Asker: 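First, the structure itself, so that you have it in front of you.
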Amino acid sequence: MARYVRIPGSIALITLANPPVNALSAAVRRGITETLSRAIADPEVKAVVLCGENGNFCGGADIKEFAGPMSGPGLVPMIDAIEAGEKPVVAAIEGVALGGGLELALGCHYRIAHCKARVGLPEVTLGLLPAAGGTQRLPRLIGLSAALDLITTGRHVSAQEALQLGIVDRLTEGDTLGVAVEFAQSIAGQPLGSRRLSTRTPACPADLDSFLQGALVQVRRRARGAMAPEACVRAVGAAATLPYSQGMQREQELMASLFRSAQARALQYCFFSQRLVGRWSTPSGARWDSAEPRPIRRAAVIGLGTMGRGIAVSLLQAGIAVVAVETDEQQLEAGRRAVTALLERRAQGRGSEGPLRFTTDLQQLRQVELVIEAVFEDLAVKKQVFRQLSAVCPADTLLCTNTSGLDVEQLAACTRSPELVVGTHFFGPAHVMKLLEVVYGPRSSPVAVATAMHLGKRLGKVSVAVGNCPGFVGNRMLKPYLEQAHFLLEEGAAPEQVDQALEEFGFAMGVFRVADLSGLDVGWRVRKEAGLTGPGVAPGESPRRRQGRRYSPLPDLLCEQGRLGQKTGRGWYLYEGPGAREARPDPWTHSFLQQYRQQHGLQPRAVPQQEVLERCLYALINEGFRVLEDGIATGPEDIDIIYVFGYGWPRHRGGPMFHAGAVGLATVLDRLEHYHHAHPDIPNLQPSALLRRLVASGNPPIQKWREVIRRVRSQL
Ligand SMILES: C/C=C(\C)C(=O)SCCNC(=O)CCNC(=O)[C@H](O)C(C)(C)COP(=O)(O)OP(=O)(O)OC[C@H]1O[C@@H](n2cnc3c(N)ncnc32)[C@H](O)[C@@H]1OP(=O)(O)O
């Protein structure tokens, strides 16, 4: 797992060999320890070069090993031995040096990197901290402030930035190993003194205490309730205040508090789930490893509203040529100005964009390979667009819809090639948000799904393939969550109380703040179309019952009052004015709710925070189990990735399905039964068959759910 060769010029070359990323498994650590001793013991060796096989230096500790007992040599003594040795060690960094990989390089006396390499300490994203000396050596190398930024964000740094910061000593555009060997020869025999980072004193801001306090406030705001960022701040703080050996001790203590934590388990689950969803399959047998994506060079976006603009920018930034289409000159001009402004804002430091054309003429789409429709969320309008697209585009053009929940199959049915129609559900702002739901209809071909999934990857998104049903995965599960929030208001809660419970759980924004931000009219329109409110409601129907179940007209009533959220300056909350962002509890809403309850004979009660969480989250989770039963999502990981990347579910809680497992499926079942008993007119609270089956199967770990899902599906 680490190869050793002596090369001319008295250099020993140690190569980490654990593809694909040379993770520091026990075998690799053993290999490094043994080969280093060999180099040190060999009087002919004057310097050592450390590199990685396959164009990657090292992706860090082997995350797969974290779940089991640790064996083999520890990283810390191994890196300490490199640093303490009398022979210079040069790290030759190609590809990535991340986490333990960068810590290993920091233990070396010199670092030479290829200009395309990336370095970083992303442990915080796994619920950990860089506990192989990273929190102590990096501040001593680049100063406390820069080190804190890297360690608390976990961001990857380009080779150029790494050179500027002083993390690497030299960049090369060519043969990294050759340059490193030559360099090692040139410094052999020189004193190592301050090249040993542990001997240095870190550069610190003048007012250290308030700097560290400010850093704590910032990380708490960024990831509410996450433990690792705070531990990172404390560990880096120790580098400033304690001698190296005591700082290392502090690093280990802080790491011990994180290593087996539920948050670390959740974040590591997210890491592997993100990769698992890339290995998609569909019930019709299409698979990621057999379906070949089509190359996409030219695309069109239909509709330049907020979503269309973001989608166009996203495509352009991936180097794809875009034809942007609107219905009339005025709309086109507004779209042109908005897209240009977005591109200008994002231009700095980015690569070249694909060419962009604006038109009102659909005939201009004769050359495109893919179209993304992003018009108004109205099935009849979208059908019309698909008919037109099918008439003008080449027959083999992939036609995608950005609908957030309409029936993809009905759109496919309007075209000549229904097998080339898929949903590409972007999340706003589309050029920023990382999630793409790729929706396959019953007739979507493997190539169509593969092309959309591959496109998502090219756009830098996490793509999840899901089946076709109202709301797909994300919005389908959101419906019972929203519904519970409205019912809780009827029963006595205030919007800010519900939001506070959800925000303390870890959501960046509670359900009512999000509704105000997105605009209450979005859901209103959908409910009108579904006949839940407006002229489609059967005369004489009770306002609090629809289609045989409990219904809350509260959001409809707000819309009727012109309270559409931030854009009108009032919604569930009050704002300084239209477009303002700071939400203030609104006495109007409180008295409106009071009157509503009186009018409907509802006795308000104090709703405990626990009930807010259980009813909102377990209703959402219960729908998640139904999504799995129905085969709309392949596994719980798909749902969790959708929620973490698209709906602000706190990553350190792993996603809704992971959370259900962490709470205990029997507990979730028990609470749903309790609430369903109390509210028999809310069918969403009735526990799903799959949840019952999983509990009956002894609460298996989430990685084993797929087996139970298969059995339940085969019986349904
Ligand atoms: C204490 C803790 C210490 C000291 C640590 O070091 S914790 C680990 C810190 N390192 C990281 O967080 C890096 C994690 N990896 C990545 O960010 C990326 O994998 C990558 C940038 C290194 C490469 O990205 P990419 O080229 O897109 O490839 P994949 O992400 O798809 O990865 C390929 C397969 O390698 C597996 N992998 C990657 N890193 C590790 C790792 N550190 N340990 C174990 N396995 C790793 C990854 O899961 C992929 O596996 P498969 O899905 O193909 O089975």
Side-chain angles (χ1 to χ4, degrees), residues 1 16-29 32 52-68 70 72-80 93-107 116-138 150-151 153-159 228 231-232 235 248 251-261 263-265 267-280 288-289 434 453-454 456-458 460-463 635 637 641 651 703:
M1 291 292 192
L16 313 192
N18 184 18
V21 301
N22 300 319
L24 292 162
S25 63
V28 174
R29 299 195 303 274
I32 297 173
E53 194 178 67
N54 250 351
N56 260 329
F57 182 72
C58 175
D62 188 338
I63 306 166
K64 291 189 188 98
E65 284 186 351
F66 291 169
M70 293 305 270
L75 263 183
V76 171
M78 182 188 92
I79 295 172
D80 282 351
I93 302 173
E94 288 180 321
V96 293
L98 295 173
L102 179 57
E103 293 176 290
L104 174 63
L106 294 175
K116 295 216 168 104
R118 282 181 292 146
V119 306
L121 294 175
E123 285 88 338
V124 69
T125 64
L126 300 168
L128 305 173
L129 55 77
T135 67
Q136 303 304 299
R137 284 197 179 89
L138 192 63
L150 258 62
I151 291 171
T153 60
R155 73 186 174 91
H156 295 188
V157 166
S158 68
C232 287
M248 283 299 287
E251 183 185 273
Q252 294 308 307
E253 287 162 10
L254 287 161
M255 177 63 163
S257 70
L258 299 176
F259 193 65
R260 302 250 172 248
S261 68
Q263 293 196 3
R265 272 205 308 278
L267 286 157
Q268 289 158 31
Y269 162 82
C270 283
F271 175 84
F272 288 114
S273 297
Q274 191 179 336
R275 280 141 188 91
L276 187 67
V277 299
R279 297 197 281 274
W280 57 272
W288 65 284
D289 52 356
K434 293 279 281 179
M453 290 294 284
H454 187 255
K457 198 168 183 187
R458 245 179 106 186
K461 310 221 177 278
V462 181
S463 315
E637 298 86 356
I641 289 301
R651 197 180 163 99
Q703 291 76 8

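Since this is a predicted model, take the numbers as computed values, not measurements. First listed ligand is number 1; within each ligand, the first listed atom is number 1.
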Asker: To the nearest 0.5 Å, what is the distance between CZ (Arg118) and CD1 (Ile93)?
Answerer: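 Taking CZ in Arg118 and CD1 in Ile93, the distance rounds to 13.0 Å.
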Asker: If you count the atoms of ligand 1 from 1 in the order shown, which ones are under 4.0 Å from a heavy atom of Lys64?
Answerer: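 Listed by number with element, the hits are 45 (N).
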Asker: Quick one: which of Glu103, Arg275, Arg118, Gln274 has a heavy atom closest to atom 17 (O) of ligand 1?
Answerer: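 Nearest heavy atom to atom 17 (O) of ligand 1 lies in Arg275.
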Asker: Would you mind checking which non-hydrogen protein atom is closest to atom 2 (C) of ligand 1, with the distance to 0.1 Å?
Answerer: Glu123 CG, 3.6 Å
Asker: Would you check the N or O atoms of Ile63, main chain and side chain alike, for any that come under 3.5 Å of an N or O of ligand 1?
Answerer: yes
Asker: Over all heavy atoms of both residues, which pair between Asp62 and Ser25 is shortest? Give the atoms and the distance, please.
Answerer: OD2-CB, 3.7 Å
Asker: Run the numbers on Glu637 and Phe272 for side-chain contact (heavy atoms from CB on, under 4.5 Å), then give the verdict.
Answerer: CA-CA 9 Å; Glu637 298 86 356; Phe272 288 114; over 6 Å; no
Asker: Would you mind listing which atoms of ligand 1 come within a distance below 4.0 Å of any non-hydrogen atom of Gly60?
Answerer: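 Contacts of ligand 1 toward Gly60, numbered from 1: 6 (O).
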Asker: Decide whether the shortest distance between a heavy atom of Glu65 and an atom of ligand 1 is less than 4.0 Å.
Answerer: no
Asker: Find the distance between CD1 (Ile641) and OH (Tyr269) and round it off to the nearest 0.5 Å.
Answerer: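 So the CD1 of Ile641 and the OH of Tyr269 are separated by 7.0 Å.
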Asker: What distance separates Ile32 CD1 from Met1 CE, expressed to the nearest 0.5 Å?
Answerer: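 Answer rounded to 0.5 Å: 11.5 Å.
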Asker: Show the atoms of ligand 1 that are less than 4.0 angstrom away from any heavy atom in Leu126.
Answerer: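 That gives atoms 7 (S), 8 (C), 12 (O) of ligand 1.
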Asker: Got a protein heavy atom sitting under 4.0 Å from atom 51 (P) of ligand 1?
Answerer: yes
Asker: May I ask whether Phe259 has any heavy atom positioned less than 4.0 angstrom from an atom of ligand 1?
Answerer: no
Asker: For atom 42 (N) of ligand 1, find the nearest protein heavy atom and state the residue, atom name and distance (0.1 Å precision).
Answerer: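 Nearest protein contact, heavy atoms only, for atom 42 (N) of ligand 1 is Ala61 O, 2.9 Å.
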Asker: What do you reckon, does Ala132 put a non-hydrogen atom under 4.0 Å from ligand 1?
Answerer: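 No.
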Asker: Taking only heavy atoms of Met255 into account, list the atoms of ligand 1 that are under 4.0 Å away from them.
Answerer: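 Those of ligand 1 that fall under 4.0 Å from Met255 are 1 (C).
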Asker: Please round to the nearest 0.5 Å and tell me the distance separating atom OG1 of Thr135 and atom CD of Gln252.
Answerer: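 Taking OG1 in Thr135 and CD in Gln252, the distance rounds to 8.5 Å.
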Asker: Nearest heavy atom to atom 38 (C) of ligand 1: which of Val21, Leu129, Leu104, Asn18 does it belong to?
Answerer: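 Heavy atom nearest to atom 38 (C) of ligand 1 belongs to Val21.
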Asker: Out of curiosity, Leu129 CG to Phe259 CZ, how far, rounded to the nearest 0.5 Å?
Answerer: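 These two atoms lie 11.0 Å from each other.
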Asker: Is there side-chain contact between Pro20 and Asn56, with heavy atoms separated by less than 4.5 Å?
Answerer: no
Asker: Just heavy atoms, cut-off under 4.0 Å: does Asp62 contact ligand 1 by side chain, backbone, both, or neither?
Answerer: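 Looking at Asp62 and ligand 1, atoms from backbone and side chain both fall under 4.0 Å.
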Asker: Atom CG in Leu150, atom CZ in Arg155: separation rounded to 0.5 Å?
Answerer: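 CZ of Arg155 is found 5.0 Å from CG of Leu150.
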Asker: Indicate the atoms forming the closest heavy-atom contact of Arg137 with Asp80, along with that distance.
Answerer: NH2-OD1, 2.8 Å
Asker: Would you tell me which option among Gly59, Gly99, Pro20 has the nearest heavy-atom contact to atom 10 (N) of ligand 1?
Answerer: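 Checking each option, the heavy atom nearest atom 10 (N) of ligand 1 is found in Gly59.
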Asker: Looking at atom 25 (P) of ligand 1, is any protein heavy atom nearer than 4.0 Å to it?
Answerer: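 No; the ligand atom in question lacks any protein heavy-atom contact below 4.0 Å.
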Asker: Return the residue, atom name and 0.1 Å-rounded distance of the protein heavy atom closest to atom 53 (O) of ligand 1.
Answerer: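 That would be Arg279 NH1, 4.0 Å.
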Asker: Taking the minimum heavy-atom distance to atom 6 (O) of ligand 1, which of Ala97, Ser25, Gly100, Gly101 ranks first?
Answerer: Gly100
Asker: Does the protein put a heavy atom less than 4.0 Å from atom 48 (O) of ligand 1?
Answerer: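 Yes.
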Asker: Could you pull out the closest heavy-atom pair between Leu24 and Glu65, with the gap in Å?
Answerer: O-OE1, 4.3 Å
Asker: Establish, yes or no, whether the cationic atom of Arg275 lies under 6.0 Å from the six-membered ring centre of Phe271 and within 45° of the ring axis.
Answerer: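 Output yes; distance and angle both within limits.
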Asker: Give the single entry among Phe57, Phe271, Phe272 that approaches atom 15 (N) of ligand 1 most closely by any heavy atom.
Answerer: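 It is Phe271 whose heavy atom sits nearest to atom 15 (N) of ligand 1.
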Asker: What residue and heavy atom of the protein are closest to atom 20 (C) of ligand 1, and at what distance?
Answerer: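 Protein heavy atom with the smallest distance to atom 20 (C) of ligand 1: Leu98 CD1, 4.4 Å.
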Asker: Grab the two heavy atoms, one from Pro19 and one from Glu53, that are nearest each other, plus how far apart they are.
Answerer: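 Heavy-atom minimum between the residues: CD-OE1, 3.9 Å.
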